[in-house]
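Side chains are part of it too, since the values below use all heavy atoms of this structure and drop only hydrogens, waters and symmetry mates. Note that the structure is predicted; figures quoted are calculated from it, not measured.
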Amino acid sequence: MLRNAIEIRKVFGKEGVRYEVYDADTGTSLGVYDTIAGAEEMRQSMKSSQDAEQEEANDPDPTVE
């Protein structure tokens, strides 16, 4: 998953406007939220997870804490 590939898209439906967190790299929806704030929180969470994975992958000795 590319860091900049996670985006927020507007979804229009019967309930009005909702916000989808979408991974453009994989073409996967990561969730649909009623507020832009909820969608942004999810997007930031996904970016934080990606950063943590990247940090672990670059750890020269993962057994030492």
Side-chain angles (χ1 to χ4, degrees):
M1 179 172 20
L2 299 173
R3 177 187 303 221
N4 294 329
I6 300 174
E7 55 191 49
I8 297 174
R9 306 190 309 184
K10 283 186 181 181
V11 178
F12 300 93
K14 291 180 183 179
E15 303 86 29
V17 176
R18 296 179 74 198
Y19 302 92
E20 176 184 35
V21 180
Y22 182 78
D23 183 347
D25 183 43
T26 63
T28 305
S29 175
L30 302 173
V32 179
Y33 299 86
D34 293 328
T35 65
I36 189 77
E40 181 61 30
E41 186 176 321
M42 174 60 167
R43 188 175 77 85
Q44 291 299 325
S45 173
M46 293 302 294
K47 286 175 67 174
S48 295
S49 295
Q50 175 72 18
D51 291 344
E53 284 181 16
Q54 199 72 357
E55 189 174 306
E56 281 183 26
N58 293 330
D59 190 352
D61 189 357
T63 60
V64 178
E65 289 297 319

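When side chains are defined from C-beta on, Tyr19 does not count as touching Arg9, because their heavy atoms never get closer than 4.5 Å. Within the 4.5 Å cutoff, the side chain of Ile8 has heavy atoms near those of the Ile36 side chain.
Residues Leu30 and Tyr33 fall within the same hydrophobic cluster, defined by Ile, Leu, Val, Met, Phe, Trp and Tyr side chains chained together at heavy-atom separations under 4.5 Å.
Across all non-hydrogen atoms, the minimal contact from Met46 to Ile6 is CB-CD1, 3.5 Å. For Asp34 against Arg18, the heavy-atom pair with the smallest separation is OD1-NE, 2.9 Å.
Atoms CD and NZ, from Glu20 and Lys10 in turn, are 14.0 Å apart once rounded to the nearest 0.5 Å.
Open room surrounds CD on Glu41; 12 or fewer heavy atoms of other groups in view lie less than 6.0 Å from it.
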